[in-house]
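Shown next, in C-alpha cells, is the structure this report addresses.
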Amino acid sequence: MSMEISREILPSLIAFARKNSPFYGDLYRALPETIHAIEQLPVLSQQAFWEANRLEGGQLLTGAMHDGIVLKSGGTTGNPKFSVFSRTDWNVFVTAFSRGLALGGLQDGDRVANLFYVGELYGSFLFTHKALEECPKRVMQLPIAGATTPDDVYRFITELKATVLAGVPTTMMSLVDHIDKVGCDPAASTVRLILFAGEAMYPDQRARLEACFPGVEIRSIGYASTDAGLLGFADLSCGPNEFRCYDDDALFEIIDEETGSPIVAPGIEGLAVVTALRRHLMPILRYPVGDRARWVDAHGTAHRKFLLRGRSDESARVGPVTLYPEDVRSVLASFPACQGACDFQLLTIHRDGKDGLILRIGNRNADPALSAQIIAAIYEHRPMYGQLLAQGKILPIDIEWVDATALEINPRSGKLKRVIDRRFA
C-alpha cells in the first residue's frame, strides 16, 4: 500500500471505528488517541470478533442495518457467522474486485457461465454476478448456478457456447465426471478459460480439466472472502496460488505467529492478516484471514505479489466447506468420553482428486465405536459437508484415536497445532 493512501485513510478509519463500534472502542481503549501505523493495532482474535458480531445485541457494527446485504460466512447451524455490508461498502468491494478480475484473462465478448452457489445467504454467486456486471471487460453472463445438475450445466454451456466457466473446483470436477461418462467430444468445446475460487485447484484436477477442455487456461477468479473482503487479485503474471495486493483498498500483511511482527522479506511464511480500508459498517482491522502466505516480490513493490501456503489454525477448508475448531470442539463436548483433557486437531488432505478431513483425537483409551457417532454429529452441525459428500465431491471424515503426545505441536512455542494443512506438503 502506498504511504499516501496509508496516511490519508488509516487514521480516519481507525478513529471512525473507535467512535462508532463498541467492540473497537473497548479493544483500543488503552491505545494513543491518534494511530499512525497499522502495527500499533493488535491483531484481532477471531473468536472475540465473532462473539461481538451478533445480529441481536451486537457490539461490532458502527451503525444500523438499513441498506446493503447480509451474507453467511461459515459456522455451524447453531453458530452462524454473518457478514454485513452497507450498500456503499458492498458496491466499493465489488467494484474493486471487478478491476482485478479484468486483469485475469477475460476478454470482451466472453460468455461466462456462473457456476457458483446461491441462496441460504451464501454470497459467491451474487458477488460474481455483480462483479461481472461492473467488470471493465464487456461480457455476457450465463447465470447457471452450482446446484444445477451436471447434465443441465453441460447442456447450457454447449447450447450457449460458453467460453468461460466460473465456480468452485468441486463443481468443475462434477462436470468433468459427467462429460467423461457421456463421452462428449472435447474438440467441440468452446470453453477457453476456467476461473475458480473458494478452494485450491490441485495439479490432478488441472490435468483432468485440461484433458476435458483442450487448450483451456485455468486461473483463480481472485482472492476474497465474505468476512475479510478484498484480499488479492490474480493477473496474467501470477502462477498457481499467487496473487497481488489491492494497494488502494486493502492492507494485506503477513505476520510472524510467534512474535506478532509483520514479515517484510520474501520467502518467509506467516499468517495472512488484512485491513479493509474502505469498509465502514463492519470494520475489518487486522483480521486473521485463516490462510498462511509468503511474499514473492520485494518490499515496496506496487501491488506486491504473495503466495498462499494453505490454511492456518483459524479454520479447516475442505473443498468449499469451512470447519472451525470451536465448532468441532462443541460437537466433541457432547460426548462424555471426549470431555475434559481430550484434545484434537484437524488435518486437511487431498486424495483421488478430492479434499478430505482427518479428525485426530488425543484419547487412545476412548471407544473407537464413537467415531461413527462423532462423524454423524459433525455432518448434522455442518450440513453442507454431508451434502457434498453425498454428491461425491469431497471425501468422508475419518477419525484417528491417538495418544495425546502424538498430537503435533509448534516446535518453537510448544503450542498445539489446531489445524494442519497436508495438501501443500
Fill in the blank from the handout: Exactly one candidate in L347, D343, I399, L346 meets side chain to side chain contact (heavy atoms under 4.5 Å, CB included) with R360; the answer is L347
Distance-only criterion, 3.5 Å: show the donor-acceptor pairs between side-chain atoms of residues 260-273 and protein atoms not counting sequence neighbours.
{"residue": "E269", "atom": "OE1", "partner": "R309", "partner atom": "NE", "Å": "3.3"}
{"residue": "E269", "atom": "OE2", "partner": "R292", "partner atom": "NE", "Å": "2.8"}

Fill in the blank from the handout: Output for pair (H280 NE2, D89 CG), nearest 0.5 Å, gives 7.0 Å
Completion exercise
In short, P283 meets T62 closest at the heavy-atom pair CG-CG2, 3.5 Å
Exercise for the section: May I ask you to check whether Y122 and Y117 place their ring centers less than 6.0 Å from one another? Expected result: no
Exercise for the section: Apply side chain to side chain contact (heavy atoms under 4.5 Å, CB included) to L115 and V153, showing your working. Expected result: CA-CA 8 Å; L115 304 179; V153 170; 3.9 Å; yes
Handout entry: A377 backbone acceptor or donor facing E380 side chain under 3.5 Å
Key = no
Problem - Polar side chain donor-acceptor pair, T128 to N114, under 3.5 angstrom - result: no
Handout entry: Approximate separation, where rounding is to 0.5 Å, of R219 CZ and L103 CG
Key = 10.0 Å
Problem - Of all pairs that satisfy salt bridge (Lys or Arg N to Asp or Glu O under 4.0 Å), the ones with a partner from residues 139-162, not counting sequence neighbours - result: D152-R155, R155-E159
Exercise for the section: Measure the shortest side-chain to side-chain distance between L165 and L195 over non-hydrogen atoms and say whether it is less than 4.5 angstrom. Expected result: no
Handout entry: I361 CD1 to L407 CG distance, which is reported to the nearest 0.5 Å
Key = 10.0 Å
Practice task
State which residue, out of D327, L332, L359, fulfils the side chain to side chain contact (heavy atoms under 4.5 Å, CB included) condition with I378.
Solution key: L359
Exercise for the section: Report yes or no: is the cationic atom of R278 (NZ for Lys, CZ for Arg) closer than 6.0 Å to the six-membered ring centre of F93, at no more than 45° off its axis? Expected result: no
Practice task
Side-chain contact test, heavy atoms from C-beta onward, threshold under 4.5 Å: evaluate it for L308 versus F243 and give yes or no.
Solution key: yes
Exercise for the section: Give the C-alpha distance, both sets of side-chain angles, the deciding distance and a yes or no for side chain to side chain contact (heavy atoms under 4.5 Å, CB included) between L13 and L285. Expected result: CA-CA 9 Å; L13 175 64; L285 300 170; 3.7 Å; yes
Fill in the blank from the handout: Closest heavy-atom pair, A228 versus R279, reported as atoms and distance to 0.1 Å, is C-NH1, 4.2 Å
Practice task
Using a 4.5 Å cut-off on heavy atoms from C-beta on, say whether the side chain of R18 contacts that of I35.
Solution key: yes
Practice task
Could you tell me whether D355 and R423 make a salt bridge, using a distance below 4.0 angstrom between a side-chain N and a carboxylate O?
Solution key: yes
Handout entry: Expected output: side-chain D67 to main-chain R87 donor-acceptor under 3.5 Å
Key = yes
Practice task
Could you tell me whether a side-chain N or O of T158 sits under 3.5 Å from a main-chain N or O of Y154, the two making a donor and an acceptor?
Solution key: yes
Practice task
Measure from NZ or CZ of K81 to the centre of the six-membered ring of Y324 and say whether it is under 6.0 Å with the direction within 45° of the ring axis.
Solution key: yes
Practice task
Please confirm whether the backbone N or O of D421 pairs with a side-chain atom of R317, one donor and one acceptor, at under 3.5 Å?
Solution key: no
Handout entry: Considering all heavy atoms, the nearest L230-A96 contact
Key = CD1-CB, 3.5 Å
Problem - D108 side chain to R138 backbone, donor-acceptor under 3.5 Å - result: yes
Handout entry: Shortest non-hydrogen contact from A113 toward I144
Key = CB-CD1, 3.8 Å
Exercise for the section: Heavy atoms only: give me the nearest G222-A197 pair and the separation to one decimal. Expected result: O-CB, 4.3 Å
Practice task
Please answer whether the main-chain N or O of F82 pairs with a side-chain N or O of N53 as donor and acceptor at a distance below 3.5 Å.
Solution key: yes
Exercise for the section: Determine whether S21 and L61 make a side-chain contact, defined as any pair of heavy atoms from C-beta on separated by less than 4.5 Å. Expected result: no
Problem - Between SG on residue C245 and CG on residue L231, distance to nearest 0.5 Å - result: 9.5 Å
Practice task
Would you give the length of the straight line joining atom CZ of F344 to atom CD of E400, rounded to the nearest 0.5 angstrom?
Solution key: 14.5 Å
Completion exercise
Exactly one of Y223, F233, F252 clears ring-ring contact (aromatic ring centres under 6.0 Å, His included) with Y246, and that residue is F233
Practice task
Please check if the side chain of K305 supplies one atom and the backbone of S237 the other of a donor-acceptor pair under 3.5 Å.
Solution key: yes
Handout entry: Check: Y28 and P42 side chains under 4.5 Å, non-hydrogen atoms
Key = yes
Completion exercise
Residues at least two apart in sequence or cross-chain that pass ring pair (Phe, Tyr, Trp, His ring centres under 6.0 Å) with H178, listed by chain then number, are none
Handout entry: Contact check, side chains of D26 and Q59, non-hydrogen atoms, under 4.5 Å
Key = no
Exercise for the section: Could you please spell out the steps behind the salt bridge (Lys or Arg N to Asp or Glu O under 4.0 Å) verdict for R422 and E408? Expected result: CA-CA 13 Å; R422 291 283 194 237; E408 295 187 35; 2.2 Å; yes
Exercise for the section: Please name all residues satisfying ring pair (Phe, Tyr, Trp, His ring centres under 6.0 Å) with F49, sequence neighbours left out, ordered by chain then number. Expected result: Y287
Exercise for the section: Ignoring hydrogens and angles, tell me if any N or O in the side chain of Q141 forms a donor-acceptor pair with the backbone of H129 under 3.5 Å. Expected result: yes
Practice task
Step by step, work out the side chain to side chain contact (heavy atoms under 4.5 Å, CB included) result for F306 and W295.
Solution key: CA-CA 4 Å; F306 58 90; W295 294 114; 3.8 Å; yes
Exercise for the section: Would you tell me whether D204 and H350 have side-chain atoms, one donor and one acceptor, within less than 3.5 Å of each other? Expected result: yes
Problem - Donor + acceptor pair across side chains of R111, T163 (<3.5 Å) - result: no
Exercise for the section: To the nearest 0.5 angstrom, please state how far the OG atom of S83 sits from the CE atom of M282. Expected result: 4.0 Å
Practice task
Not counting sequence neighbours, which residues clear salt bridge (charged side-chain N to carboxylate O under 4.0 Å, His left out) with R208? List them please.
Solution key: D177, D180
Exercise for the section: Without swapping roles, check the side chain of T95 against the backbone of V92 for a donor-acceptor pair under 3.5 Å. Expected result: no
Fill in the blank from the handout: Note: L281 and S86 closest approach over all heavy atoms is CD2-N, 3.7 Å
Handout entry: Any donor-acceptor N/O pair, T170 side chain to K393 backbone, under 3.5 Å
Key = no
Problem - M172 and Q205, any side-chain heavy atoms less than 4.5 Å apart - result: no
Problem - 4.5 Å side-chain heavy-atom contact, T226 and K72 - result: no
Exercise for the section: Using the test salt bridge (charged side-chain N to carboxylate O under 4.0 Å, His left out), find all partners of D235 that sit at least two apart in sequence or belong to another chain. Expected result: R244
Problem - Worked check of side chain to side chain contact (heavy atoms under 4.5 Å, CB included) between V84 and L71 - result: CA-CA 7 Å; V84 184; L71 301 172; over 6 Å; no
Exercise for the section: Answer with yes or no whether the side chains of Q391 and Q387 bring together a donor and an acceptor at under 3.5 Å. Expected result: no
Practice task
Please assess F127 against F97 for the test ring-ring contact (aromatic ring centres under 6.0 Å, His included), listing each intermediate value before the final yes or no.
Solution key: CA-CA 9 Å; F127 179 78; F97 186 88; 4.8 Å; yes
